[in-house]
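A quick write-up on the structure given underneath.
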Amino acid sequence: MASSEEILKPRSDDSAAPSDGGEPSNFIYDIIDEHNRTGRFGGRVHTRFPPEPNGYLHIGHAKAILINYRTAQKYGGKFNLRFDDTNPTKEEQEYIDAIIEDMRWLGVDWEDRLFYASDYFEQLYEWAVQLIKDGKAYVDDLSAEEIREYRGTLTEPGRESPYRNRSVEENLDLFERMKRGEFPDGSRVLRAKIDMASPNMNLRDPVMYRILHEEHPHRGRDWCIYPMYDWAHGQSDSIEGITHSLCSLEFEDHRPLYDWFLDQLGIHHPQQIEFARLNLTHTVMSKRKLRRLVEEGYVRGWDDPRMPTLSGLRRRGYTPEAIWSFTEAIGVSKSNSVVELSLLEHHVRQDLNRRAPRVMGVLRPLRVVLTNYPEGQVEQMEAINNPEDPAAGTRPVPFSKVLYIEQDDFMENPPPKFFRLAPGREVRLRYAYFITCDEVVKDEAGNVVELRCSYDPATRGGDAPDGRRPKATLHWVSAEHAIDAEVRLYDTLFTVPDPDNPPEGKSFTDLINPNSLEVITGAKLEPSVRGAAPGTIYQFERQGYFCVDPDSTPDTPVFNRTVTLRDTWAKIQQKEGGA
RNA sequence: UGGGGAGUCGCCAAGUGGCCUAAGGCAGCGGCCUUUGGAGCCGCCAUUCGCAGGUUCGAAUCCUGCCUCCCCAGCCA
């Protein structure tokens with residue numbers, strides 16, 4: 001992850017956050033600058049990312065993580081990772097482990113500050129007792145349904161619970177017995193005593209604790225009452241000395257409650273600031289929907305390369321650097337937005353173009369026999385590993401009489417703008433020779449199965465002494481030296497940009513792209529890729545970026561296509577409605 | 001018809017009363033270059049800032065009214 005460092009480096013500038021061509025400013029920085037100006041937190045900036053371990057992290061979380069992390073870095077502050085593990089019915093150790101792994105991969109550093117909200121349960125309990133003693137919280141015996149009825153609606157005030165005015169003594173007794181496990185799940189809750197008529201539903205005596213006789217992944221059987229999000233979150237922030245509690249928009253109307261608890265307790269009071277979460281076209285981002293895709297078998301798992309999860313993106317070949325630059329590019333604001341997938345793809349291409357070694361691989365092979373090439377001769381052609389990086393050097397690629405080229409690189413009746421191989425036409429084989437197609441061999445069904453071509457020995461390396469310049473350069477692989485590979489080509493998981501809003505009567509699962517995965521088994525790759533470790537990324541010249549999948553075996557590597565190269569020919573074809 | 005937010009180019013997003021006849025990126029469109037129809041380079045792409053009024057010498061930026069979209073009635077987070 002060392003290569004992240006240059007990107008990760010905080011910008012050193014004066015506090016005014018000018019946009020002097022470096023990191024763009026945003027409204028959060030403006031707020032912090034104001035805090036720094038007035039001395040609200042003594043110049044301190046401390047952020048956190050508080051995931052609930054009930055699913056895998058996705059690209060939307062990456063945005064949230066990096067907003068928090070970059071903010072801390074920019075101001076020379078600190079960043080915590082804290083599991084918001086207050087609901088044992090939904091949380092699992094598997095998710096805790098996966099979240100840590102994904103965040104490490106992303107390249108954020110919480111140093112020694114990995115925390116669990118559940119480690120604060122004792123303190124939270126004491127504070128709850130304090131609120132009860134202050135007459136600001138009470139045990140309610142109403143059922144869940146009754147509480148809902150008493151809460152009122154968006155336009156009508158709620159009613160106070162008949163248990164709202166119990167004595168402090170009774171509340172203390174009941175609450176302690178809740179904690180001791182004397183009551184069954186759902187029989188009672190602890191509620192804050194605020195205002196049942198508040199236009200903000202969150203302030204209508206919100207539930208602070210519920211009874212849950214449940215094994216907790218981090219606390220085991222220590223507790224059978226669990227704090228609700230609103231009661232746990234702000235106090236956890238406070239305990240950790242968080243200054244700026246950055247969260248997503250839907251918590252905006254929780255802020256008054258966040259503030260209320262902290263004010264009642266009179267403890268360190270962070271500032272909650274809300275920003276819009278990330279939406280991406282052609283995918284879904286809610287944990288609920290992602291879980292359905294996994295559990296109902298629409299994808300192979302949380303790390304399926306079609307998933308927007310960090311583990312999926314990683315397996316697909318996305319790099320942390322690409323995700324960093326993408327999240328920087330999309331900015332930070334409060335308006336709901338949907339970012340086009342093409343922007344994410346742009347950032348992987350940009351990163352991979354810089355660093356991926358180039359290699360030749362033929363996805364759909366078409367046999368080519370060079371009729372005038374000596375039988376049994378093998379030449380090692382010198383190929384450049386990365387034209388963007390001279391230090392990457394060169395490698396030898398074997399060339400011989402029988403080759404494979406891409407089926408798409410030949411057309412028997414080429415349209416005007418098709419520059420590749422055709423009968424009688426000469427093209428260049430990259431780093432090798434010019435070849436001319438002399439004869440087309442077909443099977444009984446009329447399919448082209450082989451090309452018989454002649455090569456020009458004077459063009460070795462790809463240049464003609466007479467200055468001839470073919471309009472096309474094709475990639476190729478020597479048949480006898482090629483290694484076989486499985487290649488998985490991916491398309492968007494959904495056929496429409498906005499699967500979250502399916503048409504009447506349809507579910508988002510009805511919009512899944514049936515062609516989101518195409519498996520090619522007979523691909524032929526140049527021998528240099530043999531033995532590449534899972535995770536290794538190459539550019540297959542003229543085609544795209546491909547990443548070695550963990551499913552690979554020693555004899556047959558499996559590659560995932562991360563993203564295609566920009567393809568102007570494909571665009572021309574599309575425009576002309578051509579095949 | 002309660003409360004809380006948001007509306008600037010197809011998609012993000014700067015902009016905080018004059019240097020805005022509105023940055024930048026993506027997408028798109030032309031062209032150059034090219035041993036990847038890749039990359040790179042050059043150019044084009046909002047007289048207009050949800051709408052309507054108003055204030056001002058001057059408004060995307062201030063005021064008023066309206067419209068549209070999002071969030072909130074879990075003992076989820």
Side-chain angles (χ1 to χ4, degrees), chain A residues 19 21 24-26 30 50-52 54 84 86-87 89-90 140 142-144 147-149 151-158 185-191 198-204 206-212 226 228-230 232-233 247-256 274 276 278 281 287-288 328-347 349-350 353-354 358 360 383-384 387-388 417-420 428-432 434 459 461-463 469-475 497 539-544 564-572:
Chain A
S19 41
S25 188
N26 66 52
D30 293 343
E52 182 188 18
N54 68 342
D84 214 335
T86 58
N87 185 355
T89 65
K90 296 188 171 174
D140 195 348
L142 253 28
S143 68
I147 286 182
R148 191 184 337 113
E149 286 161 22
R151 186 153 32 224
T153 69
L154 295 178
T155 51
E156 305 154 23
D185 289 3
S187 57
R188 287 178 229 266
V189 293
L190 183 74
R191 290 230 253 173
S198 173
N200 181 343
M201 300 295 281
N202 295 300
L203 264 19
R204 317 245 264 228
V207 173
M208 295 169 64
Y209 279 97
R210 73 286 216 185
I211 300 171
L212 250 26
Y226 288 92
M228 298 289 290
Y229 165 85
D230 286 300
H233 200 87
C247 62
S248 44
L249 251 29
E250 66 270 30
F251 293 104
E252 212 147 20
D253 48 17
H254 289 241
R255 185 166 10 107
E274 311 83 12
L278 170 65
T281 61
K287 280 192 201 171
R288 199 198 108 247
E328 184 163 340
I330 58 178
V332 183
S333 77
K334 294 188 70 132
S335 60
N336 291 312
S337 59
V338 184
V339 176
E340 289 177 349
L341 221 213
S342 61
L343 183 61
L344 212 212
E345 293 182 333
H346 164 78
H347 285 274
R349 286 197 187 99
Q350 185 181 260
N353 174 52
R354 237 175 25 224
R358 267 115 250 230
M360 291 192 285
I384 293 167
E388 304 296 321
K417 287 176 184 158
F418 184 85
F419 305 143
R420 283 111 95 147
R428 170 166 42 225
L429 293 183
R430 179 142 235 231
Y431 302 126
F434 292 2
T459 57
D463 287 304
R469 300 172 67 172
K471 293 199 79 171
T473 299
L474 310 187
H475 61 277
Q539 181 194 104
F540 289 2
E541 292 215 22
R542 303 209 299 134
Q543 306 201 95
T564 61
L565 253 28
R566 284 184 62 232
D567 188 347
T568 39
W569 167 240
K571 213 173 278 176
I572 291 168

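Just so it is clear: chains get the letters A, B, ... in the order the sequence lines come, proteins before strands, and each one is counted from 1. These numbers were taken from a predicted model, which means no experiment stands behind them.
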Paired with B:C62: which nucleotide, if any, by Watson-Crick or G-U wobble criteria at under 3.5 Å for both distances? B:G54
Under 3.5 Å donor-acceptor pairs involving side-chain atoms of residues 333-344 of chain A, not counting sequence neighbours:
unit_1: A:Ser333; atom_1: OG; unit_2: A:Ser335; atom_2: N; d: 3.3
unit_1: A:Ser333; atom_1: OG; unit_2: A:Ser335; atom_2: OG; d: 3.4
unit_1: A:Lys334; atom_1: NZ; unit_2: A:Glu252; atom_2: OE2; d: 2.4

Base, sugar-phosphate, or nothing: which does A:Leu278 touch, judged by heavy atoms less than 4.0 Å apart? nothing
Assign A:Arg255 to base, sugar-phosphate, or nothing according to its heavy-atom contacts below 4.0 angstrom with the strands shown. nothing
What is the nucleic acid contact for A:Pro157, judged by heavy atoms within less than 4.0 Å: base, sugar-phosphate only, or nothing? nothing
Nucleotide nearest A:Glu541 when distance is taken to its side chain, options B:G74, B:C12, B:U36: B:U36
Base, sugar-phosphate or nothing for A:Glu52? Non-hydrogen atoms, less than 4.0 Å. sugar-phosphate
Does the side chain of A:Arg566 get closer than 4.0 angstrom to OP1 or OP2 of B:A39 through an N or O atom? yes
Please check the phosphate of B:A77 (OP1 and OP2 only) for any side-chain N or O of A:Thr86 closer than 4.0 Å. yes
Classify A:Leu154 by what it touches in the nucleic acid, base, sugar-phosphate, or nothing, heavy-atom distance under 4.0 Å. base
Base, sugar-phosphate, or nothing: which does A:Phe251 touch, judged by heavy atoms less than 4.0 Å apart? base
Under 4.0 Å between a side-chain N or O of A:Arg148 and OP1 or OP2 of B:G74? yes
Touch class at under 4.0 angstrom, heavy-atom based, for A:His475 against every strand present: nothing
